[in-house]
Amino acid sequence: MKIEGMLKDQALKDKTILITGGGTGLGKSMGKYFMQLGANLIIASRKEDVLEDTAAELMRETGGKVLPVGCDVRNYDQIQGVIEKGIEFFGKIDGLVNNAAGNFVSPTERLSHRAFDIVVDIVLKGSYNTTLALGKRWIKDNTPGVILNIVATYAWTGSGYVVPSACSKAGVLALTRSLAVEWAKYNIRSNAIAPGPFPTEGAWSRLLPGNLKDQFMPQENVPVGRMGEHQELANLAAYLMSDYSSFMNGEVVTIDGGEWLKGAGEFNHLDRVTPEMWDSLASMRKKS
Ligand code: HXC
Ligand code: NAP
């Protein structure tokens, strides 16, 4: 199945969107589609060489403009620097995608307090740093803004073995819903996306390290029987960043093929019962 772009041409025309972690993975895929819809991008993360390569590639492929700016989202001053450079270059920033993340799998009792900190600092502190810095600027300049936070379904279910990430994504979801109400009066909307498994080098190498990737097939837990395609996520993200979603505020949209509900439903494990077993249960019921 080839998934195509879904929004009208130029749906993001003249919008400038800041994507943290926009040099790789899902951030890059969302950014590419935003540009195909007419947006300019600011991409910000730690590895400047990766950002430069992605910026060159996206500009070549789409004909749009990308400003790559090196920064660590844990550092508020560096985030302010990104915003200043972005406004100087493009004149304004219309939207923010909090996409940068750090994660790894580990039994929680094996984590050092520094390891716990590092994930919380990137995911939760990084997201509130960018939100606070850009939000203050939007409010001061009386400019509208749109925020999209990339969370995970374990923001509300919790999950073992990724506990610092689960705690952080829960905090980011609370940030989304809280500011959706508080900042609506400033014409700033906040929404979130909770993706299920979408293959990326960054996530896969850290969540299925070594031979774990041969033992666990993420798609086996997905009722629709496959992983997500980046364009599917990009379509949803572009809608949430566009004016078409002006009445969406404080929402978290799950795009996971039904994965988290499969884990939650009390009788969902009965999908292991074969048709023959159902036949035999039916005939036992009829006899009795
Ligand atoms: C246990 C670990 C560890 C691991 C690092 N640490 N990796 N502990 N298991 N696998 C510990 C270290 O021992 C150290 O603690 C502390 O964490 C800091 O480690 P550093 O290597 O110094 O940190 P750094 O180089 O800054 O790396 C940060 C990182 C790294 C988070 C560890 O993975 C990273 O940069 N990731 C960015 C990209 C990423 O993770 N993308 C995936 C997002 S996927 P001590 O005590 O020894 O000092 C995602 C998907 C969600 O979020 C849902 C999927 C369905
Ligand atoms: P990824 O390619 O590893 O993306 C993570 C990005 O965050 C990288 O570009 C990284 O760039 C940046 N980053 C990490 N630490 C940073 C820091 N301190 N400051 C600035 N940038 C930092 O992984 P991905 O799969 O695309 O993940 C993107 C988002 O989707 C994340 O929020 C993740 O939690 C979420 N998500 C992914 C999946 C999935 O299946 N892929 C599922 C659910 C949720 P640098 O290394 O250059 O800093």
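Sequential numbering from 1 along the given sequence is applied to the chain's residues. Counting convention: from 1, in listed order, for ligands and their atoms alike. Every value quoted in this text rests on a predicted model; they were computed, and no experiment measured them.
Distance check for atom 21 (O) of ligand 1: every protein heavy atom is found at 4.0 Å or beyond. Put simply, atom 39 (C) of ligand 1 has protein non-hydrogen atoms near it, under 4.0 Å away. For atom 47 (O) of ligand 1, the nearest protein heavy atom is 4.0 Å or more away. In this structure, atom 42 (C) of ligand 1 is in close contact with the protein, since a protein heavy atom lies within 4.0 Å of it. Checking atom 13 (O) of ligand 1 against the protein gives no heavy-atom contact under 4.0 Å. Taking a distance limit of 4.0 Å, we find that atom 17 (O) of ligand 1 is approached by some protein heavy atom. Using a 4.0 Å threshold on non-hydrogen atoms, atom 6 (N) of ligand 1 counts as touching the protein. For atom 27 (O) of ligand 2, the nearest protein heavy atom lies 4.0 Å or farther away.
The N/O atoms of P199, backbone and side chain alike, include none that comes under 3.5 Å of an N/O atom in ligand 2. Backbone and side-chain nitrogen or oxygen atoms of K169 are examined, and none is located within less than 3.5 angstrom of a nitrogen or oxygen of ligand 1. Considering backbone and side-chain N/O atoms, R114 comes within less than 3.5 Å of an N/O atom of ligand 1. In terms of N/O distances under 3.5 Å, ligand 2 is not approached by I122. Polar contact check, R206 against ligand 1: a nitrogen or oxygen pair lies under 3.5 Å apart. Polar contact with ligand 2: absent for A100 (N/O pair, distance under 3.5 Å). Geometrically, ligand 1 and S112 share a nitrogen or oxygen pair separated by less than 3.5 Å. At under 3.5 Å, not a single nitrogen or oxygen of W204, backbone or side chain, sits near a nitrogen or oxygen of ligand 2. Backbone and side-chain nitrogen or oxygen atoms of G22 are examined, and none is located within less than 3.5 angstrom of a nitrogen or oxygen of ligand 2.
For ligand 1, the atoms sitting less than 4.0 Å from at least one non-hydrogen atom of A101 are 37 (C), 38 (C), 39 (C), 40 (O), 41 (N), numbered in the order shown with element in parentheses. Remark: ligand 2 atoms within the under-4.0 Å shell around heavy atoms of G25 are 2 (O), 26 (O). Those atoms of ligand 1 that come under 4.0 Å of a heavy atom in G102, given as number and element, are 31 (C), 36 (N), 37 (C), 39 (C), 40 (O). Counting atoms of ligand 1 from 1 in the listed order, those under 4.0 Å from a heavy atom of A203 are 42 (C), 44 (S). When each atom of ligand 1 is checked for a heavy atom of R46 under 4.0 Å away, the hits are 26 (O), 34 (C), 35 (O), 37 (C). The atoms of ligand 2 that sit less than 4.0 Å from any heavy atom of T24 are 1 (P), 2 (O), 4 (O), 8 (C), 9 (O). The contact set between ligand 1 and I118, taken as ligand atoms under 4.0 Å from a residue heavy atom, comprises 18 (C), 23 (O), 24 (P), 26 (O), 28 (C).
Of all protein heavy atoms, the one closest to atom 48 (O) of ligand 2 is R46 NE, 2.7 Å. The protein heavy-atom contact nearest to atom 24 (P) of ligand 2 is T200 OG1, 3.6 Å. The protein non-hydrogen atom at the shortest distance from atom 6 (C) of ligand 2 is G21 CA, 3.8 Å. The protein atom (non-hydrogen) at minimum distance from atom 40 (O) of ligand 2 is F198 N, 2.9 Å.
The main-chain N or O of N98 is never found under 3.5 Å from a side-chain atom of S127 such that the two would form a donor-acceptor pair. A donor-acceptor pair is defined here as one N or O able to donate and one able to accept, closer than 3.5 Å; no such pair exists between the side chain of R137 and the backbone of A133. Listed for the N268 side chain is no donor-acceptor partner under 3.5 Å among the backbone atoms of G263. Between the side chain of N191 and the backbone N or O of E251, at least one donor-acceptor pair lies under 3.5 Å.
Residue K169 places a heavy atom less than 4.0 Å from ligand 2. In this structure, P195 has a heavy atom closer than 4.0 Å to ligand 2. Not a single heavy atom of T20 lies less than 4.0 angstrom from ligand 2. Distances from ligand 2 to the non-hydrogen atoms of D72 include at least one value under 4.0 Å. Within the structure, the closest approach of S29 to ligand 2 does not fall below 4.0 Å when heavy atoms are considered. Assignment of P218 to the shell around ligand 2 is not supported, since no heavy atom sits closer than 4.0 Å. At least one heavy atom of P197 sits under 4.0 Å from some atom of ligand 2.
Summarising the geometry of G23 relative to V50, their closest heavy-atom pair is O-CG1, 3.8 Å, with the distance given to 0.1 Å. Nearest heavy-atom pair, G228 versus P199, reported as atom, atom and distance to 0.1 Å: O-CD, 3.5 Å. Here the closest heavy-atom approach between residue I93 and residue W138 is recorded as O-NE1, 2.8 Å.
Counting only non-hydrogen atoms, the option in W260, F104, Y154, F116 that gets closest to atom 9 (N) of ligand 1 is F104. Counting only non-hydrogen atoms, the option in D256, L207, T24 that gets closest to atom 54 (C) of ligand 1 is L207.
With a 4.5 Å cut-off on side-chain heavy atoms, L281 and R285 do not count as touching. At least one side-chain heavy atom of K15 sits under 4.5 Å from a side-chain heavy atom of D243.
Of the heavy atoms in V73, both backbone and side-chain atoms come closer than 4.0 Å to ligand 2. Of the heavy atoms in A101, both backbone and side-chain atoms come closer than 4.0 Å to ligand 2. Proximity of V151 to ligand 2, defined as any heavy-atom pair under 4.0 Å, is confined to the backbone N, CA, C and O atoms. Using a 4.0 Å cut-off between heavy atoms, A194 makes no contact with ligand 2 at all. The residue E201 has no part lying near ligand 2, judged by heavy-atom distances below 4.0 Å.
F216 shares a hydrophobic cluster with V105, Y154, V162, W204, L207, L208, L212, M227; the chain of contacts runs through ILVMFWY side chains whose heavy atoms sit under 4.5 Å apart.
Shown here is K185, whose NZ atom has more than 12 heavy atoms of other residues, nucleotides or ligands within 6.0 Å. In E266, the CD atom is not crowded: 12 or fewer heavy atoms of neighbouring residues, nucleotides or ligands sit closer than 6.0 Å. Counting heavy atoms of neighbouring residues, nucleotides and ligands inside a 6.0 Å radius, atom CG of N142 does not exceed 12 of them. In E201, the CD atom is not crowded: 12 or fewer heavy atoms of neighbouring residues, nucleotides or ligands sit closer than 6.0 Å.
N149 pairs in a side-chain hydrogen bond (donor to acceptor under 3.5 Å, both in side chains) with only one of the listed residues (T131, N99, T176), which is T176. Of the residues E229, E232, H230, Q231, the one that meets the side-chain hydrogen bond (donor to acceptor under 3.5 Å, both in side chains) test with S29 is H230.
Taking the side chain to side chain contact (heavy atoms under 4.5 Å, CB included) definition, one finds that A237 meets it with M30, F34, L148, I193, sequence neighbours left out.
Salt-bridge annotation for K262 and D271: present, with a side-chain N of the basic residue lying under 4.0 Å from a carboxylate O of the acidic one.
In the model, D256 has no side-chain atom that pairs as donor or acceptor with a side-chain atom of T153 under 3.5 Å.
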